[in-house]
Amino acid sequence: MTYDFQNIERKWQAEWAKRETFKADYPSEKPKFYALSMFPYPSGAGLHVGHPLGYIACDIYARFKRHQGYNVLHPMGYDSFGLPAEQYAIQTGQHPAITTAANINRYREQLDRLGLSFDWSREVRTSDPAYYRWTQWVFLQLFDSWYDNAKDSAAPISDLIARFEREGNADIQAACDADTPIFSASEWKDFTKKEQQAILLKYRLTYLADAEVNWCPALGTVLANDEIVNGVSERGGHPVVRKKMTQWMMRITAYAQRLLSGLDTIDWPQPLKDSQTNWIGRSVGASVTFKVISKEESTAQIEVFTTRADTLFGVSFMTLAPEHVLVDQITTPEQKEAVATYVAATAKRSERDRMADVKTISGVFTGAYAEHPFTKAPIPIWIGDYVLAGYGTGAVMAVPCGDQRDHDFASHFNLPIPNIFEGVDTTAAAFADKANTVIANSDFLNGLNYKEATQKVIAELEKMGQGQGKVNYRLRDAVFSRQRYWGEPFPVYYDADGMPQMIAADHLPLKLPEVDKYLPTETGEPPLGNATHWAWDTTTHKVVANEKIDHQTVFPLELNTMPGWAGSSQYFNRYMDPHNNEAIYAPAAIDYWQEVDLYIGGSEHATGHLLYSRFWQKFLFDRGIVPKDEFAKKLINQGMITGTSAIAHRISGTKKYVSFGLRESYDVEKLRVDVNLVDSADEVAIDDLRNWQPEYKEAEFILEDGKFIVGREVEKMSKRWFNVVNPDQICEDYGADSLRLYEMFLGPLEQSKPWNTAGITGVHGFLKKLWKLFTPFMGQVGSPRLRSV
RNA sequence: GCUCGGGUGGUGGAAUUGGUAGACACGUUGGACUUAAAAUCCAAUGGCCAUUGUGGCCGUGCGGGUUCAAGUCCCGCUCCGAGUACCA
């Protein structure tokens, strides 16, 4: 009896579906286990053999835990909002929902074929209004919250208002905007409603701000920092420039320390933890205030952040970022023109240019001086683009003897380089070795080491009110607005004062409107600006036609949509109770399932999805909605399965192709050919090649031993390299069990490894032998029953 | 530049705590079966040397070290990959 994998797999897959074998029980007395694979974006290309690697590993573990007696939750869904469907819509006019649905169906067919034990009754799709209703709901919760630094927890905004009414804001420790004014209780009460709302926005965990954002002109949208790679957009590689825009922001910085500390409590790969740690970028130092020297009664002060307060006596100048707010104010009349020219020139340079040429030193003197806190000596204030507006305070105290960048700047502009280190020569290069620092020429710090000097100088600064110890983070608040169509609409309208108002949770979901064009409007508004029905009627709580806007009861709705990571930041919890229309999830359900026990997915989400999800989880934990403040106990990053491209060699400038072994006798160029035409000995049948693409039709082939042999190169699996292997074809030829077994057999899960279809005969042969071993006994009483593995 | 991984046959990769390096598989070679091929089965397969004694020598990127014993631990170097990048 032969191993008829086609029928075996078809039969059991049908049986599993009929019996709902993989449906998670709820409620249940059994212990739970939650195994989760990252849900995919359903792209038009379908799955290749690399995609299911993580799913297969997770599936095997889920099955194992079922056999151990656990009640296993193993769901799957789709992260179905996203740019490709929208761009396809822009080109063809086809609604992204239609493309997305077609792609999902294709994915589902492919996934089904692999025999994965998903509980499909719990499927979620981020673009489904019944789902994104709850994404909008989380947004409302964030808007309704502020971060209490004293309690180190988010709290309802109503508590904050009550405190403002009682005591003003002077004593409130909160994560808030830097420009928040101080006010008393009576001042608070005297504020207009609009003023009060503007102040509250400075505290809310999601807020509107005029932010310098990464604007990508080619995509017509802003991008978050993690969506930019090497100064160009991650998708498409388009240039990105800085631009000021009013955007919804997420106050993730309030959680910086907890996002860092939480890493110690979870079993995640060290490289991933490291990249989150670097991304958050905690540095311990001090803030120091320098007074600007002025003939007038000036109160201008420059605050800097430094990790080397011990080197304070080595300061010989200060540098401000060109975008620093004080630049205009302090620049002297003589220097105005030079400064204006420089600021204009740097503003024009894109982030990419600025990064591409880190080596060029540029800057300009403002003509102003600051006063050294201790020596009272005047310190010239410069502007330089090596200082970033976005980090710290956008200003540095320059210590050329202790910091190489300051040293370079000083050398370039002939500024003094005073030495404050014992026994070190700093004329040629800065000395930055903290461990071997002994301070000299520094008044009361002489003879101290790094640690002693830092403590002492901070203590002295505190006495004078000119500084204090400070922890600074590289992490920025996340921009949450996108100028796109195919995303979650914000449940927000703008009242007569132009202030944002939330649509009550009862009236969600706020569904995406229909538009006839998916591009930004001619006036530069986001695509939702094309909708004719995009106004909110506060009496009927419904979306109505824009022409009804009267700013009395009918108001304009927000035109931006949420970014891709909105929908993926809580989906893992929604699987626990996916059809609940009363709540995001029933408390009893999340009490039972708690958290993800095993999460498998790619490491490319380290500073995106996986960081934002941890942030939302901590927030929902603070507000008592989830029982754990980390959503996934253990995480594994599966490696990438790379393709093995087939390379044909063509004699340059001709139509002659030469077999691999003979290539060195000619001047050849490499051309990729379809790997699916190549056999296990790297031979390609010439007729197949001639039929494959027209340019081979007339080609001449120089053979070795009557064969045409191709070269091999390992690279990313991609349609354009013709090295994509389709899992459907493998299932057809060898069966899902062979595919699954082979993928597990290729090498360690975490490692990246090349796919080679020829190798699959090994495990396929094993399954055949196993089958033969068992079949003679099939049908006898007590005989083993073989099922798909 | 910094941080983190990694380097083992022709190939993918094994080797749990320092204890027979190269499991398993691919590929290759030879053989069986067959008119032939495919499929299947059997055998060999790190390198070099020896071979009517079935044995010897070398070998885990390179150079040192610790140890009775090192792929594994330590020091230095080198190459490859990933992340990050003027972070004060």
Side-chain angles (χ1 to χ4, degrees), chain A residues 2-3 225-226 228-231 269-288 303-309 311-312 314-315 317-321 351 354-363 384-400 402-409 430 432 470-476 602-608 637 639-642 644 679-682 712 714 716 738 741-769 772:
Chain A
T2 58
Y3 171 47
N225 288 338
D226 68 280
I228 302 162
V229 178
N230 293 328
Q270 196 55 42
L272 195 150
K273 287 186 181 182
D274 289 344
S275 77
Q276 290 205 350
T277 304
N278 291 337
W279 191 259
I280 295 167
R282 181 180 202 261
S283 57
V284 180
S287 74
V288 183
E303 195 188 329
V304 302
F305 174 77
T306 178
T307 53
R308 295 300 304 272
T311 63
L312 188 53
V315 174
F317 61 99
M318 301 185 72
T319 316
L320 305 186
E351 192 83 339
R354 243 165 109 165
M355 275 174 36
D357 110 282
V358 172
K359 303 239 155 48
T360 313
I361 296 164
S362 71
D385 71 354
Y386 80 100
V387 176
L388 305 175
Y391 182 76
T393 60
V396 300
M397 56 176 229
V399 183
D403 184 286
Q404 193 54 47
R405 293 157 304 176
D406 296 342
H407 195 282
D408 293 344
F409 195 86
K470 192 181 171 186
V471 176
N472 203 49
Y473 297 94
R474 196 189 80 118
L475 185 70
R476 301 270 68 102
S603 57
E604 67 274 20
H605 299 107
T607 52
N637 291 130
M640 190 172 50
I641 293 186
T642 47
T644 311
D679 76 2
S680 58
D682 295 345
R712 293 291 204 167
V714 171
K716 200 171 169 180
S738 293
L741 207 51
Y742 184 53
E743 295 220 350
M744 291 299 99
F745 188 80
L746 273 175
L749 180 59
E750 297 88 341
Q751 196 170 306
S752 105
K753 53 233 162 187
W755 175 269
N756 181 6
T757 301
I760 203 168
T761 54
V763 290
H764 187 63
F766 167 79
L767 288 177
K768 274 190 193 167
K769 282 183 231 171
K772 266 199 261 177

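Order of the sequence lines sets the chain letters (A, B, ...), proteins ahead of strands, with each chain counted from 1.
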Nearest listed nucleotide, side chain of [X], among [options]:
X         : options                : result
Thr306(A) : G13(B), A88(B), U3(B)  : A88(B)
Arg474(A) : U84(B), C86(B), C4(B)  : U84(B)
Asp274(A) : C4(B), C86(B), G83(B)  : C4(B)
Tyr391(A) : A88(B), C4(B), G13(B)  : A88(B)
Val396(A) : G12(B), G13(B), A88(B) : A88(B)
Lys768(A) : G83(B), A39(B), C87(B) : A39(B)
Phe745(A) : G13(B), G12(B), A85(B) : G12(B)
Lys769(A) : A88(B), C41(B), U3(B)  : C41(B)
Thr761(A) : C4(B), C26(B), C87(B)  : C26(B)

Separation of [N] [atom2] from [X] [atom1] (nearest whole Å):
X         : N      : atom1 : atom2 : result
Leu749(A) : G12(B) : CG    : C1'   : 15 Å
Met318(A) : A88(B) : CE    : P     : 16 Å
Arg405(A) : A85(B) : CZ    : P     : 14 Å
Ile760(A) : G27(B) : CD1   : P     : 12 Å
Tyr742(A) : A25(B) : OH    : C1'   : 9 Å
Glu750(A) : C4(B)  : CD    : P     : 19 Å
Asp385(A) : C87(B) : CG    : P     : 13 Å
Asp406(A) : A88(B) : CG    : C1'   : 7 Å

Between [M] and [N], how far apart are the [atom1] atoms? Round to whole Å, please.
N      : M      : atom1 : answer
G27(B) : G12(B) : C1'   : 11 Å
G59(B) : G71(B) : P     : 10 Å
G10(B) : G63(B) : C1'   : 28 Å
C41(B) : G6(B)  : P     : 37 Å
G46(B) : U67(B) : C1'   : 27 Å
A50(B) : C42(B) : C1'   : 28 Å
A39(B) : U72(B) : P     : 42 Å
U8(B)  : C2(B)  : P     : 25 Å

Indicate syn or anti for G9(B), taking the glycosidic torsion and treating anything within 90° of 0 as syn. syn
Hey, does the side chain of Thr642(A) reach the backbone of Lys753(A) with a donor-acceptor pair shorter than 3.5 angstrom? yes
Backbone N or O of Ala430(A) within a donor-acceptor pair of the Gln404(A) side chain at under 3.5 Å? yes
Sub-4.5 Å side-chain heavy-atom contact between Met318(A) and Val304(A): yes
Side chains of His764(A) and Tyr742(A) in contact at under 4.5 Å (non-hydrogen atoms): no
Would you say [X] reaches [N]'s phosphate, i.e. side-chain N/O to OP1/OP2 under 4.0 Å?
X         : N      : value
Arg476(A) : C87(B) : no
Lys753(A) : G13(B) : no
Ser283(A) : A88(B) : yes
Gln751(A) : G13(B) : yes
Arg282(A) : C87(B) : no

Please find the pair of heavy atoms, one from [X] and one from [Y], that lie closest to each other, and give the distance.
X         : Y         : result
Glu303(A) : Ser287(A) : OE2-CB, 3.4 Å
Tyr3(A)   : Leu767(A) : OH-CD1, 3.7 Å
Val387(A) : Ala321(A) : O-CB, 3.3 Å
Ile641(A) : Trp755(A) : CG2-CB, 3.5 Å

Result for 5'-nearest mapping on RNA chain B, choosing between Pro748(A) and Met397(A), is Pro748(A)
Between Ser603(A) and Pro271(A), just flag the one whose closest nucleotide in RNA chain B comes earlier from the 5' side. Pro271(A)
CG-OH distance between Asp406(A) and Tyr386(A), expressed to the nearest 0.5 angstrom: 4.0 Å
Could you go through the side-chain hydrogen bond (donor to acceptor under 3.5 Å, both in side chains) check for Tyr391(A) and Ser283(A) one step at a time? CA-CA 11 Å; Tyr391(A) 182 76; Ser283(A) 57; 3.0 Å; yes
Would you indicate what Asn278(A) reaches in the nucleic acid, counting non-hydrogen atoms under 4.0 angstrom: base, sugar-phosphate, or nothing? nothing
Watson-Crick and G-U pairing of RNA chain B, under 3.5 Å, as dot-bracket with | and [ ]: (((((((..(((......[....)))((((((.......))))))((((.....))))..(((((..]....))))))))))))....
